[in-house]
Amino acid sequence: MFRLFHAKFMGPKLLPHAPKPQTFQLFPKCCSLLFETTIQFHAVSSYPCEPFLSTLILALKSSSSVSYCRVVHARVVKSLDFRDGFIGDQLVTCYVSMGSTPDAQKLFDEMPHKDFVSWNSLVSGFSKRGDLGNCMSVFSTMKSEMALGLNELTLISVISACASGKARDEGCYLHCCAVKLGMELEVKLVNALINMYGKFGCVESAFKLFWALAEKNIVAWNSMVAVWTQNGIPDEAFNYFNMMRVSGLLPDEATMVSLLQVCEKLPVGRLVEAIHGVIFTCGLDENVAIATTLLNLYSKLGRLNSSHKVFAEIRKPDKVALTAMLAGYAMHGRGREAIEFFERTVRDGMEPDHVTFTHLLCACSHSGLVEEGKCYFQIMADVYGVQPRLDHYSCMVDLLGRRGLLNDAHKLIKNMPIEPNSGVWGALLGACRVYHNIDLGKEAAENLIALDPSDPRNYIMLSNIYSSAGLWSDASKVRALMKTKVLTKIPGYSFIEHGNKIHCFVVDDCSHPDSDKIHMKLDEVMRKIQEVGFVSETKSILHDVDEEVKIDMINKHSEKIALAYGLLVSSADMPIIITKNLRICCDCHNTAKFVSLLEKRTIIIRDSKRFHHFSDGLCSCSDYW
DNA sequence: CTAGGGTTAG
């Protein structure tokens with residue numbers, strides 16, 4: 001009976017139709033049924049059926065159930081020995097990927113004939129879970145126990161673990177190992193090293209390794225494009241992309257994803273459109289990963305409509321794509337739409353995870369949907385089994401803080417089961433600034449400074465809090481402290497794209513060729529809006545100077561200059577899109593509202609936090625930001 | 001019929 005089943009299931013002719021692991025994932029019931037059937041077959045027959053078991057184990061991997069793993073394990077122990085080693089390796093991989101380290105270690109220790117694959121199953125398992133400690137310790141045991149020396153693939157696994165774990169010393173040590181073993185020209189290994197050095201910020205080392213490679217394949221080129229991207233050097237990323245094309249290689253998924261990510265740092269819409277074109281010519285327009293990156297990028301560049309279009313063309317959006325769309329709504333302050341989208345996709349079978357909830361909560365907070373946010377925070381754990389992480393707490397503190405529920409936010413932080421990070425305290429501080437709560441603001445700022453004493457923004461914010469309360473001497477003490485630590489304020493920049501160029505302005509900027517015209521336009525606009533009731537909001541100015549001087553200072557903010565330039569050069573039917581590296585201030589926010597009404601223009605300002613769409617005197621953020 | 005992670009997406 002079993003023979004028949006076995007032959008039918010695994011027979012060579014029918015093999016292409018044999019269920020793949022993914023199938024089991026989709027049909028958990030099928031999966032468990034299959035387990036039961038197998039166990040029964042085994043009960044009546046001791047026929048060794050390794051291939052069948054290995055298929056089963058593949059299914060196990062996607063079931064993420066340790067108990068199923070143990071059931072199969074028990075059967076294996078009963079009916080087979082480990083002479084082959086094959087099943088044992090598979091089971092080790094299973095246990096490790098499920099996070100059941102003791103099971104994996106125990107089985108591994110019991111296996112009599114460990115080969116490279118056995119060792120590597122363990123090493124790569126730990127590496128994949130980001131468990132650098134176990135990964136390294138297994139690696140060193142392996143190194144001392146295996147007389148044969150080390151295998152290239154094992155090294156690659158450990159190198160990857162160091163890359164994601166930011167373990168510099170270990171990483172350099174592994175590079176030495178590789179050199180010692182004469183593997184410094186093996187493409188796969190070198191690519192892993194390039195990636196690692198890129199993650200460490202050692203662009204130079206990555207560069208040297210790449211150019212020493214005799215055979216530069218597509219992955220090597222992609223790795224270098226990624227290195228430039230991750231280290232914020234867009235020019236070189238494009239440069240390497242072009243060199244890659246000259247060398248005759250066709251860009252693939254990874255190339256395009258990295259290249260698109262470079263554009264995130266650049267406020268250049270036109271460039272994205274050009275890359276979008278390349279994606280089409282390379283026949284990559286149906287690729288989900290690329291489409292997701294593109295969707296995300298358009299959102300970040302202020303073009304939610306374009307995001308929408310890209311999303312609509314994804315034939316079968318996966319969880320990542322759906323979350324990217326949700327993030328788009330959140331980023332643009334479309335709370336209601338985000339909730340509707342979330343509910344709809346969950347109804348259609350999406351299983352939300354911690355990232356999904358981060359964006360959903362973020363959407364609630366940016367739209368002031370306090371009750372909804374609280375509710376989702378609750379059911380996230382209760383219904384979906386997603387335990388709140390730091391990001392979720394930041395969102396919740398932000399949500400409560402925006403509404404002025406500062407004590408609730410403070411209580412939430414105090415009751416956190418995990419140590420709050422800068423995101424959490426930063427959210428509280430932001431709220432304290434808006435609602436002028438000095439005591440809590442001080443506490444938040446002090447915690448922030450303790451967490452990162454080298455970040456100038458924390459001092460600036462503390463100083464801001466004191467200034468807005470009129471406590472000038474405290475404010476100047478903080479600024480003096482900054483000076484002794486040689487910390488300087490990050491200057492604010494505003495960018496605007498026009499005529500194939502990016503125009504960048506700082507505060508009180510007069511360096512633009514058309515500077516005179518821009519400042520005349522700015523004066524004109526400010527006068528116009530003051531005539532219809534605009535009043536300057538100078539609370540955020542931290543210096544102890546006369547009101548008039550303050551107004552003069554605030555009127556020279558970089559976003560106002562960029563806005564004046566936008567009004568000067570762009571056609572009336574186009575939105576004015578401005579990018580700012582810091583948060584927009586209250587006064588500039590008000591200015592944009594008035595200008596959108598008086599000049600009948602759509603103004604989109606992307607600051608370091610989010611987007612503001614101004615039209616008809618209103619902002620999409622409903623003054624929550 | 002089967003085996004071990006080079007790059008990239010929320």
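Just so it is clear, the values below take in all heavy atoms, side chains as well, and ignore hydrogens, waters and symmetry mates. Order of the sequence lines fixes the chain letters, A, B, ..., with proteins taken first and strands second; residue numbering starts at 1 for each chain.
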Checklist entry - Do any of residues 214-222 of chain A sit with a heavy atom less than 4.0 Å from DNA chain B, and if so which? => result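 N217(A), V219(A), N222(A), in order of number.
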
Checklist entry - Which parts of residues 281-303 of chain A get close to DNA chain B, meaning a heavy atom less than 4.0 angstrom away? => result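 Residues of residues 281-303 of chain A that come under 4.0 Å of DNA chain B are, in numerical order, V288(A), A289(A), T292(A), T293(A), N296(A).
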
Can you tell me how far [atom2] of [N] sits from [atom1] of [X], to the nearest Å?
X: I159(A); N: dT7(B); atom1: CD1; atom2: P; answer: 11 Å
X: E351(A); N: dG10(B); atom1: CD; atom2: P; answer: 21 Å
X: D318(A); N: dG10(B); atom1: CG; atom2: P; answer: 11 Å
X: L189(A); N: dG6(B); atom1: CG; atom2: P; answer: 11 Å
X: D353(A); N: dG10(B); atom1: CG; atom2: P; answer: 13 Å
X: M256(A); N: dT7(B); atom1: CE; atom2: C1'; answer: 14 Å
X: Y197(A); N: dT7(B); atom1: OH; atom2: C1'; answer: 17 Å
X: K188(A); N: dT7(B); atom1: NZ; atom2: C1'; answer: 12 Å

Item to check | side-chain hydrogen bond (donor to acceptor under 3.5 Å, both in side chains) pairs, two or more places apart, involving residues 383-395 of chain A | outcome: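 Sorted result for residues 383-395 of chain A: T358(A)-H392(A).
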
Any base atoms under 4.0 Å from [X], or only sugar-phosphate, or nothing? Heavy atoms, all strands.
X: S124(A); result: base
X: T356(A); result: base
X: S127(A); result: base
X: V225(A); result: nothing

Checklist entry - Can you name the ring-ring contact (aromatic ring centres under 6.0 Å, His included) partners of H359(A), sequence neighbours left out? => result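 Result, ring-ring contact (aromatic ring centres under 6.0 Å, His included) vs H359(A): none returned.
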
Next on the checklist: Suppose we screen for ring-ring contact (aromatic ring centres under 6.0 Å, His included). Which residues come up paired with H308(A), at least two apart in sequence or across chains?
Outcome noted: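 Once residues adjacent in sequence are excluded, the partners of H308(A) under the ring-ring contact (aromatic ring centres under 6.0 Å, His included) criterion are Y329(A).
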
Checklist entry - To the nearest 0.5 Å, how far apart are CG in D285(A) and CE in M256(A)? => result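 Rounded to the nearest 0.5 Å, the CG-CE separation comes to 11.0 Å.
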
Checklist entry - Is the distance between the ring centroids of W221(A) and F241(A) under 6.0 Å? => result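 No, they do not, as the ring centres are separated by 6.0 Å or more.
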
Checklist entry - Would K316(A) and E286(A) satisfy salt bridge (Lys or Arg N to Asp or Glu O under 4.0 Å), going step by step from the backbone distance to the final call? => result CA-CA 10 Å; K316(A) 212 177 155 291; E286(A) 303 236 328; over 6 Å; no

Checklist entry - What residue pairs, at least two apart or across chains, pass ring pair (Phe, Tyr, Trp, His ring centres under 6.0 Å) with a residue in residues 162-189 of chain A? => result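 For residues 162-189 of chain A, and leaving out neighbouring residues, the ring pair (Phe, Tyr, Trp, His ring centres under 6.0 Å) pairs sorted by first residue read H175(A)-Y197(A).
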
Item to check | Parallel, tilted or perpendicular: rings of W228(A) and F207(A) (30°, 60°) | outcome: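 Perpendicular, since the angle between the ring planes exceeds 60°.
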
Next on the checklist: Less than 6.0 angstrom from the centroid, inside 45 degrees of the normal: does K114(A) satisfy that with respect to the ring of F108(A)?
Outcome noted: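 Yes, K114(A) and F108(A) form such a contact.
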
